[in-house]
Amino acid sequence: MSHRFIRDVTRRNRSIAAFGLLIFVALAIFGITRNARQVALEIDTLASANSDSPQWTLSQIEVEYDRMRLALLSAQPDDPDSVDEFGRRFDIFYSRIQTVSEGSGFRAILRNEGGAKPLASIQLFLDHTAARLDAQQPFTTQMKAQIESEARSAEGDLRALALTGLAIFSEQIKDQRELVFAALVKLAVMTLVLFAILAVSAVALWILWRFGQQKAVSLRDAMTRITAVVNASVDAVIVADEQSRILEFNGAAESILGCSKGEAIGASLAEFVVLPEDLQPRRGLLELQAKRANGDEFPAELSMREAQVHSGKLRVIYLRDISRRVAANAELIAARDRALAGEREKSRFVSVMSHELRTPLNGLLGSLELIRDTQLDERQASFVEAMEFAGKSLLHHVNDVLDVERLDAGKLELAKIDFDPYSLVVDVATTLRPAATGRGNSLSVEATNSIPKAVIGDPARLRQVLMNIIGNGIKFTRNGVVQIELEYAMAGQSLEIRVIDSGIGISRADQERIFDDFVSILPVGAQDISGTGLGLGIVRRLLKAMGGEIRVESEPGEGTVFWFSLPAPCAIVRHSADHQAKDAAPPPPVPPRDILIVEDNALNREVLRQMLLQGQHRVTMAIDGQDGVDAARKQKFDLILMDLNMPVLDGMQATRIIRAGEGPNSDTTIVAVTANISREAAADLQAAGCDDVVCKPINRAALNRLLQAHHRPSAQAGTPGDEFVDQSTRDDLLEMYGPAEFATLQEAFLQEGRRRISALQQHLMYGDLEAYAGVAHQLAGSAGILGLQKLHKLLKIHENAARAEEKETLSQQMEDLLDLWVRVEELIQGAAARTAGWSGASETPLARTGSKLLH
């Protein structure tokens, strides 16, 4: 129930009560008046009764009777005057009796037997006497005697009549007095009640007057407070009517809008604020443009409420000048943009420096690798080993700086793959054991409980963490013990690894500082220990990115314990011992291929050429992007190694030109060689048409893996045209991998191919032709590797049509692609069924290699 409804009901009840009280007072006054009139009437009646008193009449009857009898006694027959006097007194007495007999005031006597009977006797006497006197007979003594005798007989009746009348009239007077008394009592009561009502009304009026006075004071105080609040507000407060005419205008409004209250009152609100047509009263703030009296516009915040008053609706508007805040926000945004630009510049600088550092390192380490294969004496071999150690150390420092930049920028992508954590730790320990032995330390690995054979995580980053922590333990321990403990919490699916050493220890004050960047805490006499101070900082960042944390406990001279934990959900074990052994084996050699090297750095170009020549490959070199494009137009290559940062034409532009043209290498595998492999750069490279990216520096092992991954049919083998498969390529693969692993490779291709065919259909349906071209390019590359010549060619047609945004052509050729894919599946599944000993349920290292190729 609303307050307004309650207020209306209360007001109506008060009106009804006041009206009822008024009616009651009117009735009371009417009753009192009426009763007073009745009392007055009764008093008048009593007064009249006194003037025509029946008692007086009755007493007069006896008087007149006595006068008549005295006249009778005095009457003498011979004295006519005395006889006449008797006659006159008789008539008076007769009239008195007639008054009683016929008077309305004497009816009570006539209705009373004690009065009616004597009256009848008296009336009989009068009638006899009147008859004698009216008979015109002489008044004789005898007549006198008879009349006197009869008069004496009537005297008793007269007395009885008088007594009866007096008794009756006395009773009537008594009743009248009682009636008057009752009326007076009633009048007094009503007067008293009316007085009480008037007294109560007077008290009520006094209370109401006091209440009204208090309300008036309270209202005046409230108005004073409201006025003070409104005037003290820093926001403009404007009150307008329904026609937007300004009714109130506080001091802040005068200051903000530059207009006095006198000038603003009665003006239109539109002169200061342009309100939207659909603006409704709201609690929230609305940002809009307001106008000062001089016409200047400024940003403002506005809120509006409506109030219902007797004259209609009022609009109460709060207006705030936000010019400074808007300017401050704009300045903050500009500062943020400058900071972001600075951050991008920093990232670009790091990327450039990474490239500039890695490029000479690539040539340096590659040259050292090539020199080591030559005939060196012992002294020269030691120099080469020292240079290689220095180069790798420098590369390690560069990688640390890049890792810090990537982690801080949130650009690091973590893998989620299956790996054996215990084997990983053992492998790291094996790698570092020579270093530990060199410092006289023993290095051991121990699992305190059952460790899963496979967990899900990023083994490469975990290896990096272990290399840093265990490497530190080895560096700061001499002739001591470095022990690695693993513990797996099955309930929390987490892995905890502790690295315990008996080295020099860390003071409590330095235990937190060691995780800061560029902080190296080296004790006296440890000059043989070097480092950038970035290792533990990177470790903490990596563990945090993986959802883990790291702690340290140490006492100077008693050793140090680093332990860290990270989420490691259990994974299904897929790798058999046999496969692991095969995974560790070096990849088989790749048949000689025609390879184009596009590299502006002469040293790197030569190093790459020498490495490829050792594999009997045929190498062509280009000194920049434009030179590479020209070379690609002249000859068909099996692989193009494309540097990115080059003069004249960079590698990305050169790749686009080669892909977009109709030259012999439009579908050749192009591998970008760069030092910047950030997520954005990889996406740009893929969009440009690169099949893969390899990071500098490149050694022979990495180069062999790259050639293995992108093994394509030889250009010299000729183009088989529209043949369904390139049998020579498939025969090479079969010979290279063997029947079982070749079948596994094809099965992996089928799984990925089904997913990508489905993706192609979805991209075509939603019109995302750019994504369509990317998927077609990836699947075409995989099909070419497996010698699926016709599928490869059709996918390249699809890729080119997608890049040309020929959606209708793609729709028409989608059916051909699906039919061809069915034939490919039949081919591969038929071949698999013929392969003895093959089991599609297991995943081999080669299968994983195949998956990588498909990606």
Side-chain angles (χ1 to χ4, degrees), residues 41-180:
L41 181 61
E42 292 293 338
I43 292 174
D44 290 343
T45 303
L46 288 175
S48 176
N50 288 334
S51 61
D52 295 333
S53 173
Q55 293 92 330
W56 182 82
T57 301
L58 290 176
S59 64
Q60 284 298 113
I61 288 176
E62 287 186 324
V63 172
E64 294 301 331
Y65 171 76
D66 290 339
R67 287 176 179 174
M68 180 194 73
R69 191 172 176 194
L70 288 174
L72 179 60
L73 292 175
S74 300
Q76 295 298 328
D78 54 354
D79 187 0
D81 294 333
S82 61
V83 173
D84 292 337
E85 178 66 18
F86 168 70
R88 192 175 59 86
R89 288 298 175 185
F90 177 78
D91 291 339
I92 294 172
F93 178 69
Y94 186 87
S95 63
R96 294 294 183 186
I97 293 299
Q98 291 303 312
T99 300
V100 173
S101 299
E102 298 175 359
S104 59
F106 298 98
R107 289 176 183 171
I109 296 174
L110 296 178
R111 290 193 295 266
N112 188 292
E113 186 178 358
K117 189 175 179 180
L119 184 61
S121 295
I122 295 170
Q123 187 66 42
L124 183 61
F125 162 70
L126 292 176
D127 292 340
H128 286 172
T129 303
R132 285 188 189 102
L133 294 177
D134 292 339
Q136 298 295 325
Q137 293 178 358
F139 184 78
T140 63
T141 303
Q142 185 179 1
M143 180 182 297
K144 177 180 177 181
Q146 288 178 349
I147 294 171
E148 185 177 359
S149 176
E150 291 176 359
R152 285 196 298 269
S153 300
E155 185 175 356
D157 294 330
L158 186 61
R159 170 53 56 184
L161 176 62
L163 293 176
T164 301
L166 290 174
I168 291 173
F169 289 125
S170 296
E171 190 67 25
Q172 288 181 344
I173 290 171
K174 180 182 177 183
D175 293 341
Q176 287 179 345
R177 286 175 178 171
E178 290 178 353
L179 184 63
V180 170

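All heavy atoms count here, side chains included; hydrogens, waters and symmetry mates do not.
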Inset, instruction - Would you please classify the geometry between the Phe86 ring and the Phe139 ring as parallel, tilted or perpendicular, with 30° and 60° separating the classes? - result: tilted
Inset, instruction - To the nearest 0.5 Å, tell me how far Ser82 OG sits from Leu73 CG. - result: 11.0 Å
Legend entry - Lys/Arg-Asp/Glu bridge criterion (N-O < 4.0 Å) met for Glu102, Arg107: no
Legend entry - pair Thr164-Pro118: side-chain heavy atoms closer than 4.5 Å: no
Inset, instruction - Take Leu119 and Ile109 through the side-chain contact (heavy atoms from CB on, under 4.5 Å) test and state the conclusion after the steps. - result: CA-CA 9 Å; Leu119 184 61; Ile109 296 174; 5.5 Å; no
Inset, instruction - Keeping the roles fixed (side chain from Ser121, backbone from Asp157), state whether a donor-acceptor pair exists under 3.5 Å. - result: no
Legend entry - Atom pair CD (Gln60) and CD (Glu62), whose distance is rounded to the nearest 0.5 Å: 10.0 Å
Inset, instruction - Determine whether more than 12 heavy atoms belonging to other residues, nucleotides or ligands lie under 6.0 Å from atom CD of Glu178. - result: yes
Legend entry - Qualifying residues under side chain to side chain contact (heavy atoms under 4.5 Å, CB included), relative to Ala167, sequence neighbours excluded: none
Legend entry - Donor-acceptor under 3.5 Å (Tyr65 side chain, Ala151 main chain): yes
Legend entry - Nearest non-hydrogen partners of Gly114 and Asn112, listed with the distance: N-OD1, 2.6 Å
Inset, instruction - Side-chain contact test, heavy atoms from C-beta onward, threshold under 4.5 Å: evaluate it for Ile92 versus Arg67 and give yes or no. - result: no
Inset, instruction - Find the distance between CG (Asp127) and CD1 (Ile122) and round it off to the nearest 0.5 Å. - result: 12.0 Å
Inset, instruction - Look at Glu85 together with Arg89 and state whether they make a salt bridge at an N to O cut-off of under 4.0 Å. - result: yes
Legend entry - Check: Glu150 and Arg132 side chains under 4.5 Å, non-hydrogen atoms: yes
Legend entry - Tyr94 and Gln123, any side-chain heavy atoms less than 4.5 Å apart: yes
Legend entry - Short side-chain to backbone donor-acceptor contact, Thr129 and Leu126, under 3.5 Å: no
Inset, instruction - List the atom of Leu110, the atom of Ser101, and the distance in Å for their closest heavy-atom pair. - result: CD1-O, 3.1 Å
Inset, instruction - Would you confirm whether Ser149, through its side chain, and Ala145, through its main-chain N or O, come within 3.5 Å as a donor-acceptor pair? - result: no
Legend entry - Test salt bridge (charged side-chain N to carboxylate O under 4.0 Å, His left out) applied to Glu155 and Arg152, step by step: CA-CA 5 Å; Glu155 185 175 356; Arg152 285 196 298 269; over 6 Å; no
Inset, instruction - Starting from the C-alpha separation in whole Å, work towards a yes-or-no answer on side-chain contact (heavy atoms from CB on, under 4.5 Å) for Arg96 and Met68. - result: CA-CA 12 Å; Arg96 294 294 183 186; Met68 180 194 73; over 6 Å; no
Legend entry - Worked check of side-chain contact (heavy atoms from CB on, under 4.5 Å) between Phe125 and Ile97: CA-CA 11 Å; Phe125 162 70; Ile97 293 299; over 6 Å; no
Inset, instruction - Might you work through the side-chain contact (heavy atoms from CB on, under 4.5 Å) test for Ile147 and Phe90, ending with a clear yes or no? - result: CA-CA 11 Å; Ile147 294 171; Phe90 177 78; over 6 Å; no
Legend entry - Check: Lys144 side chain, Gln76 main-chain N or O, donor-acceptor pair, under 3.5 Å: no
Legend entry - Interatomic spacing from OG in Ser74 to CG in Asp81 - rounded to 0.5 Å: 12.5 Å
